[in-house]
Number of protein chains: 2
Amino acid sequence: MENQQIKQAGLKVTVPRVKILGILEHSGKRHLSAEDVYKELLRQDEEIGLATVYRVLTQFEGAGLVCRRHFEGGQSVFELNSGSHHDHLVCIKCGKIVEFVDSLIEDRQTAIAAEHGFRIEDHSLVVYGLCAGCQNAR
Amino acid sequence: MENQQIKQAGLKVTVPRVKILGILEHSGKRHLSAEDVYKELLRQDEEIGLATVYRVLTQFEGAGLVCRRHFEGGQSVFELNSGSHHDHLVCIKCGKIVEFVDSLIEDRQTAIAAEHGFRIEDHSLVVYGLCAGCQNAR
DNA sequence: AGCAAGATGCGAAAGATTTTCAGTTTACCA
DNA sequence: TGGTAAACTGAAAATCTTTCGCATCTTGCT
Ligand SMILES: [Mn+2]
Ligand SMILES: [Mn+2]
Ligand SMILES: [Zn+2]
Ligand SMILES: [Zn+2]
């Protein structure tokens with residue numbers, strides 16, 4: 001269960017951490033903002049402050065349990081670290097998110113970085129557009 | 001000169017606008033934060049407020065004169081709109097920025113979006129790493 | 001020159017995230 | 001099982017970047 005992952009991450013097992021990890025795992029949505037997590041905690045009648053939510057998410061990120069994403073506009077969103085990298089397609093109207101991986105793109109990035117003498121540490125690719133549903137909706 | 005571009009953009013020619021456009025054109029750096037522009041104005045003894053800098057940059061963006069980029073960390077940066085799209089390679093140590101365009105990547109993005117029924121409106125690709133110089137520096 | 005629309009500068013406000021701090025909880029061991 | 005140091009927590013205050021509100025100037029045009 002959650003306790004083990006938290007312990008393995010080198011963190012003490014506390015109520016906020018267990019609850020937050022639980023929400024990330026079982027809330028249905030894969031990409032949640034700190035605010036989303038906080039609202040879900042309120043719904044569950046947990047007395048956990050927003051500052052703690054940010055703190056815990058940041059610790060989880062440091063421990064490699066979650067990934068933080070900075071999409072355009074407002075808040076960052078967090079998602080469980082699936083272990084494998086992926087990029088995102090985001091609908092600018094309804095917020096729908098589709099994940100994808102494309103080895104051709106990954107390879108080109110590596111090649112381009114090499115051409116310029118860079119050693120890649122990370123990258124962020126986000127494609128914004130209208131999903132099928134939102135293209136029709138008039 | 002600057003006056004023409006501003007006028008063509010449908011904006012009144014004012015001192016702040018002329019100065020800011022001038023800085024974007026001749027400051028040596030291609031990617032500047034609002035704060036960078038503001039500091040340069042102070043250096044030139046111009047009495048222009050930071051709020052005006054943000055306002056003008058946003059207007060320039062709306063008029064298509066500049067592009068706003070949201071790289072990791074704090075501030076957005078602005079650059080003159082070169083007319084053609086490009087992505088960025090950013091050194092996480094010294095801040096060096098290299099611009100690039102890769103049609104293979106662009107094509108794959110279009111194909112992937114199509115596969116998922118999305119119509120692309122925009123995209124952001126930023127590769128973070130260490131530039132040649134920073135890899136050696138010990 | 002004279003005027004109305006549009007801009008500016010300033011301080012205040014906003015929104016997201018982080019820090020501070022005093023009071024709690026957890027992990028560990030006698 | 002206690003006893004305790006270290007780690008953690010909630011709430012409020014602080015930061016940081018960007019935007020607003022508004023009284024006061026400028027610009028573009030007669
Ligand atoms: Mn994802
Ligand atoms: Mn650029
Ligand atoms: Zn949609
Ligand atoms: Zn560098």
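Just so it is clear, the structure is predicted and the values come from calculations on it, not from any experiment. Chain A is the first sequence line, chain B the second, and so forth, proteins listed ahead of strands; every chain is numbered from 1.
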| message | Let me spell it out: for each of Leu11(A) and Leu11(B), pick the nucleotide of DNA chain D with the closest heavy atom. Which residue's pick is nearer the 5' end? | response | Leu11(A)
| message | Both Thr14(B) and Ala34(B) contact DNA chain D. Which one's nearest nucleotide lies toward the 5' end? | response | Ala34(B)
| query | Should the ring pair His88(A) and His31(A) be called parallel, tilted or perpendicular, given that the plane angle runs from 0 to 90° and is split at 30 and 60? | reply | perpendicular
Please state how far atom [atom1] in [X] lies from atom [atom2] in [N], giving the value in whole angstrom units.
{"X": "Leu50(A)", "N": "dT17(C)", "atom1": "CG", "atom2": "P", "answer": "9 Å"}
{"X": "Tyr38(A)", "N": "dT9(D)", "atom1": "OH", "atom2": "C1'", "answer": "13 Å"}
{"X": "Lys12(A)", "N": "dT4(D)", "atom1": "NZ", "atom2": "C1'", "answer": "11 Å"}
{"X": "Glu72(B)", "N": "dT17(C)", "atom1": "CD", "atom2": "P", "answer": "12 Å"}
{"X": "Glu47(B)", "N": "dC10(C)", "atom1": "CD", "atom2": "C1'", "answer": "12 Å"}
{"X": "Tyr54(A)", "N": "dT17(C)", "atom1": "OH", "atom2": "C1'", "answer": "6 Å"}
{"X": "Ile20(B)", "N": "dT8(C)", "atom1": "CD1", "atom2": "P", "answer": "8 Å"}
{"X": "Leu41(A)", "N": "dA11(D)", "atom1": "CG", "atom2": "P", "answer": "12 Å"}

| field | Under-4.0 Å side-chain N/O to phosphate OP1/OP2 contact, Arg68(A) with dT17(C) | value | no
| task | Give a yes/no answer on whether the side chain of Ser76(A) brings an N or O atom under 4.0 Å of OP1 or OP2 in dT17(C). | result | yes
| request: Output the rest of the hydrophobic cluster of Val18(A): all Ile, Leu, Val, Met, Phe, Trp and Tyr residues reachable through side-chain heavy-atom contacts under 4.5 Å, sorted by chain and number. | output: Ile6(A), Leu11(A), Val13(A), Ile20(A), Leu21(A), Ile23(A), Leu24(A), Leu32(A), Val37(A), Tyr38(A), Leu41(A), Leu42(A), Ile48(A), Leu50(A), Val53(A), Tyr54(A), Val56(A), Leu57(A), Phe60(A), Leu65(A), Val66(A), Phe78(A), Leu80(A)
| Stepwise, does the side chain to side chain donor-acceptor pair (under 3.5 Å) test hold for Asp107(A) with Thr110(A)? | CA-CA 5 Å; Asp107(A) 291 349; Thr110(A) 304; 5.3 Å; no
Looking across every strand, which nucleic acid part, if any, lies under 4.0 Å from [X] by heavy atom: base, sugar-phosphate, or nothing?
{"X": "Thr58(A)", "value": "sugar-phosphate"}
{"X": "Thr52(B)", "value": "base"}
{"X": "Glu35(A)", "value": "nothing"}
{"X": "Arg55(A)", "value": "base"}

| task | Let me see the working for Thr52(B) and Arg55(B) under side chain to side chain donor-acceptor pair (under 3.5 Å), right down to the final yes or no. | result | CA-CA 5 Å; Thr52(B) 298; Arg55(B) 233 176 344 223; 3.0 Å; yes
